[in-house]
Amino acid sequence: MRMSCNGCRVLRKGCSDDCTIRPCLQWIQSPESQANATVFLAKFYGRAGLMNLINVGPQHLRPALFRSLLYEACGRIVNPIYGSVGLLWSGRWQLCQNAVEAVLRGSPIVQVTSDAAETNDGPPLKAYDIRHVSKDENSGGSTELHRIRTRCRFKRSGSKRNMKTKTKSNQNQDVVGSCD
């Protein structure tokens, strides 16, 4: 009988000969570091989410996928707005590498302040307003798409036949809240 790998041991799941986590942990030297990395990713992505993300990739790419997930999770902890891409873009990749080393040691990760993350650590983004809809008639789209339909929130108090026979002053009192 083969012993469980460090990843399966900390996740408290059974380890088999075709374990998906075992090859992912071979690049990490110490058993404690393997356990720390697996626990960190399981907390970040969830146990089932981590297993699903690893199992999606082909067999030969799973170790690289595990490492990529580790760097992305550490990047999101350090810089919650832009993540590892923002750290790479801003030239502060060393912060992501330090976070990965901290995870492997089992020590806490230092987070960038939110002001610095918003101003310096990300790629330039253009501001787009997704609520804008072109009113150009020649845009090629149907005018039906641009029409807003409204619905009445209130039910009428009487039937339509009774409404027609009532006087105007009496009608306004009976249908308060109506859309008509």
Side-chain angles (χ1 to χ4, degrees), residues 1-134 141 145-146 148-149 151:
M1 184 172 154
R2 192 174 199 179
M3 288 186 57
S4 290
C5 68
N6 291 314
C8 291
R9 184 178 50 81
V10 296
L11 292 179
R12 295 184 178 169
K13 72 180 227 52
C15 189
S16 61
D17 290 336
D18 60 340
C19 178
T20 58
I21 297 178
R22 185 185 309 268
C24 297
L25 299 174
Q26 290 177 350
W27 65 276
I28 304 173
Q29 273 42 20
S30 74
E32 295 83 22
S33 297
Q34 292 175 350
N36 290 336
T38 306
V39 167
F40 175 76
L41 287 178
K43 285 182 181 179
F44 192 84
Y45 294 107
R47 180 179 176 252
L50 175 63
M51 296 307 295
N52 288 338
L53 287 170
I54 291 172
N55 288 331
V56 166
Q59 187 76 26
H60 67 283
L61 292 179
R62 288 180 182 171
L65 183 62
F66 185 88
R67 183 180 278 192
S68 177
L69 290 173
L70 182 63
Y71 274 91
E72 180 57 32
C74 288
R76 285 285 168 192
I77 296 293
V78 172
N79 184 351
I81 297 172
Y82 296 110
S84 59
V85 173
L87 293 172
L88 183 64
W89 180 270
S90 67
R92 300 173 74 185
W93 181 249
Q94 188 62 35
L95 292 175
C96 191
Q97 289 178 328
N98 293 342
V100 169
E101 291 171 9
V103 165
L104 295 177
R105 284 191 313 268
S107 57
I109 299 175
V110 178
Q111 188 175 5
V112 175
T113 61
S114 61
D115 296 336
E118 288 177 7
T119 57
N120 302 339
D121 290 344
L125 299 175
K126 293 181 180 179
Y128 292 104
D129 187 4
I130 62 171
R131 297 170 295 176
H132 175 72
V133 177
S134 175
L145 293 175
H146 299 294
I148 299 173
R149 296 183 189 117
R151 245 195 291 176

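Here the structure is a predicted model, which means the values were calculated and not measured.
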Can you tell me how far CG of L104 sits from OG of S30, rounded to the nearest 0.5 angstrom?
7.5 Å
Using a 6.0 Å cut-off, check whether atom NZ of K43 has over 12 heavy atoms from anything other than its own residue.
no
Using distance alone, with no hydrogens and no angle criterion, decide if N36 and E32 have a side-chain donor and acceptor under 3.5 Å apart.
no
Does S84 reach the side chain of L88, with side-chain heavy atoms less than 4.5 Å apart?
no
Closest approach of G57 to R62 (non-hydrogen atoms, all atoms of both residues):
O-NE, 3.1 Å
Rounded to the nearest 0.5 Å, how far apart are CZ of R76 and CG of L87?
9.5 Å
Checking F40, F44, F66, W93 against Y71 for ring-ring contact (aromatic ring centres under 6.0 Å, His included), the one that qualifies is W93
From CG (L11) to CG (L50), nearest 0.5 Å
7.0 Å
Under the criterion side-chain contact (heavy atoms from CB on, under 4.5 Å), I'd like the reasoning laid out for I21 against M51: C-alpha separation, chi angles, the key distance, then a yes or no.
CA-CA 8 Å; I21 297 178; M51 296 307 295; 3.5 Å; yes
Nearest heavy-atom contact between L25 and G7 is CD1-N, 3.4 Å
Which pair of heavy atoms, one from R22 and one from S16, lies closest together, and at what distance?
NH2-O, 4.2 Å
Run Y45 and E72 through side-chain contact (heavy atoms from CB on, under 4.5 Å) and show every step you take.
CA-CA 11 Å; Y45 294 107; E72 180 57 32; 4.0 Å; yes
